[in-house]
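Model, not experiment: these values are computed from the prediction. A note on names: the letters A, B, ... follow the listed sequences, proteins ahead of strands, and every chain is numbered from 1. We use all heavy atoms of the structure for the numbers below, so side chains are in, but hydrogens, waters and symmetry mates are not.
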There are 2 protein chains.
Amino acid sequence: MPPAYLPDPTTDRAANSHPVVSVRDLRTHCSTCTMRELCLPVGLGGGGMMQVDTLVGQRRRLRKGDALYRAGETFDALFAVRVGSLKTTVLAEDGREQVAGYHMLGDIIGMDGMANGEHGCASVALEDSEVCVLPFDRLEEIARDAPGLQRNLHQFLAREITRDHSVMLLLGSMRAEERLAVFLLNLSERYRKRGYSSTEFVLRMTREEIGSHLGLKLETVSRLFSRFDEEGLIEVHGRVIKLRDRIGLQQLLAAN
Amino acid sequence: MPPAYLPDPTTDRAANSHPVVSVRDLRTHCSTCTMRELCLPVGLGGGGMMQVDTLVGQRRRLRKGDALYRAGETFDALFAVRVGSLKTTVLAEDGREQVAGYHMLGDIIGMDGMANGEHGCASVALEDSEVCVLPFDRLEEIARDAPGLQRNLHQFLAREITRDHSVMLLLGSMRAEERLAVFLLNLSERYRKRGYSSTEFVLRMTREEIGSHLGLKLETVSRLFSRFDEEGLIEVHGRVIKLRDRIGLQQLLAAN
DNA sequence: CGACTAGTTGAGGCCAGTCAATGTTGGTGG
DNA sequence: CCACCAACATTGACTGGCCTCAACTAGTCG
């Protein structure tokens with residue numbers, strides 16, 4: 001299994017040279033997608049799977065830095081990450097901005113728009129990426145016929161809530177070193193689930209973005225990376241991180 | 001309209017003297033509930049409303065301090081707050097605890113259990129309270145027949161996500177005084193929506209619980225209340241808060 | 001009345017923020 | 001291919017906001 005930082009051939013830019021966002025009318029099929037066991041159709045039988053297949057109308061390709069959607073845009077679809085990774089950022093009225101989430105293969109994003117019909121967050125590709133478009137009206141429609149899909153949709157919404165709760169816990173009660181340790185361990189686990197190395201991966205975010213996500217300043221993040229490196233917990237080579245002592249990282253938390 | 005801190009006759013303990021949690025088999029009716037325009041049946045026509053009415057199987061009464069559910073308990077229902085208020089607290093593996101939410105009339109709680117079938121939070125009554133029990137299997141079932149209800153359910157889930165995002169923003173990027181100002185303004189607005197005074201209300205949480213919710217220590221919360229009082233922004237009499245200068249509070253945020 | 005919980009206030013310390021200088025990397029065009 | 005530039009990252013010195021520890025007050029309940 002290749003380390004996560006090797007170039008992924010499916011993101012090869014040559015296949016999609018010019019348009020910032022291209023729409024491919026190729027039929028896509030959940031039933032043959034490698035992410036089907038992590039994504040919306042997880043656990044669905046033949047019937048449900050077929051219906052989900054009719055749902056995915058198109059894909060969108062994004063180049064690094066492209067916005068999948070911006071705060072204020074009208075919401076009409078959820079998106080499943082097929083290739084690459086994205087960040088979502090919350091924007092306050094006063095201009096304050098914060099990275100709310102970091103999303104990778106199989107994640108469902110866009111739920112921030114469901115509450116009032118327009119997106120409360122922006123979502124930006126951290127590398128060349130591709131998402132499946134799931135028109136929401138249609139999704140609700142299908143969910144009414146397919147209890148399994150309905151259940152999955154609820155699960156994904158609920159998981160987002162649970163995930164947010166743990167971020168709140170992190171932001172509200174942890175010290176800087178604990179936050180970074182949690183962040184790294186969490187990433188490691190998510191890469192593992194997706195079949196990538198859990199001990200060596202590339203951070204797709206800058207120090208500033210990581211800091212924003214963790215409620216820290218970029219200098220603090222940088223200093224902590226250096227310190228963790230000195231202490232033998234991890235190895236840092238720019239954005240390439242190697243976990244050397246997972247237990248040690250976990251113990252940072254155990255100590256209250 | 002009575003200030004929120006006057007005793008509410010519907011919470012009169014005499015009606016329910018002994019059992020810590022009593023189950024009343026009286027039929028309840030959303031269609032006549034005063035909270036119907038804020039709660040799950042919001043906007044539903046006659047048909048949808050009738051179906052929701054069949055959903056609410058029972059109510060549960062809680063005395064101050066009683067747990068509606070605890071972390072780890074199996075999830076099988078959502079709850080609608082009918083009377084009183086509750087807090088939900090997230091619990092980390094290492095014992096860390098944080099107040100994740102403060103819930104009042106018309107709020108739907110319990111969604112923290114949907115992700116994996118057991119509650120990730122605990123929910124505790126902050127005063128004598130009463131909730132409607134919404135068995136989740138049945139709710140999903142009805143939602144399949146009633147698109148309006150399905151939509152509402154999704155909205156409530158999504159609103160929870162949006163709410164969590166703004167808490168994340170608060171915890172991740174605001175200073176102590178800003179956090180408290182946001183907290184007070186938010187409470188004020190929620191009381192207003194429910195027909196209570198938006199300028200005078202009773203905090204149902206201790207300084208410690210407020211601090212936990214805002215990622216602050218109780219001493220900091222106490223000091224800030226005193227300072228806001230000195231500065232003429234609010235008047236503090238124990239847990240009774242009177243907003244004196246809403247604009248002033250809002251300006252605390254505007255200044256970056 | 002004493003024990004207990006909740007709240008207030010003060011003094012001092014520390015963690016992370018701020019400001020600033022310098023180093024490193026990656027993409028671009030000559 | 002290399003030089004250049006801009007974005008990203010590192011590191012140091014200093015500051016300040018919030019936490020910690022502690023003492024004291026007020027209200028409540030047996």
> Whole Å only: how far is the CG atom of B:D229 from the P atom of C:dG7?
Replying inline: 15 Å
>> In whole Å, I'd like the distance from the CZ atom of A:R179 to the P atom of C:dC15.
In response: 14 Å
>> Rounded to whole Å, how long is the line connecting atom CD1 of B:I210 with atom C1' of C:dA6?
In response: 12 Å
>> Do the side chains of A:K87 and A:E209 get close enough for a salt bridge, i.e. N-O under 4.0 angstrom?
In response: yes
Considering only nitrogen or oxygen atoms on both sides, find all protein atoms under 3.5 Å from nucleotides 18-20 of chain D and state each distance.
from   : atom 1 : to     : atom 2 : distance (Å)
D:dC18 : OP1    : B:A176 : N      : 2.7
D:dC19 : OP1    : B:K217 : N      : 3.4
D:dC19 : OP2    : B:K217 : N      : 3.4
D:dC19 : OP2    : B:T220 : OG1    : 2.3
D:dT20 : O4     : B:R223 : NH2    : 3.0

> Is there side-chain contact between A:Y69 and A:F75, with heavy atoms separated by less than 4.5 Å?
Replying inline: no
> Does A:R159 come within less than 4.0 Å of A:D164, counting only side-chain N to carboxylate O?
Replying inline: no
>> I need the CD-P distance between B:E209 and C:dT5, as an integer number of Å.
In response: 14 Å
> To the nearest angstrom, how far is B:H237 atom NE2 from D:dG27 atom P?
Replying inline: 12 Å
> What nucleotide, of C:dT8, D:dA9, C:dA6, holds the atom closest to the side chain of B:R239?
Replying inline: C:dA6
> Roughly, in whole Å, what's the span from NZ in B:K64 to C1' in D:dC29?
Replying inline: 13 Å
> B:F228 versus B:L243: any side-chain heavy-atom pair under 4.5 Å?
Replying inline: no
> Under 4.0 Å between a side-chain N/O of A:S226 and OP1 or OP2 of D:dT11, yes or no?
Replying inline: yes
> Starting at CG of A:L218 and ending at P of C:dC19, how long is that distance when rounded to a whole Å?
Replying inline: 13 Å
> Nearest-Å distance, CD (A:E178) to P (C:dC15)?
Replying inline: 12 Å
> Roughly how far, to the nearest 0.5 Å, is CD of B:E219 from CD of B:E208?
Replying inline: 9.0 Å
>> Considering every strand and a 4.0 Å limit on heavy-atom distances, what is the contact class for A:T206: base, sugar-phosphate, or nothing?
In response: sugar-phosphate
>> Do B:T88 and B:H103 pair up side chain to side chain, a donor and an acceptor below 3.5 Å, judged on atom types alone?
In response: yes
> What is the distance from atom CE of B:M111 to atom NE2 of B:H119, rounded to the nearest 0.5 Å?
Replying inline: 11.5 Å
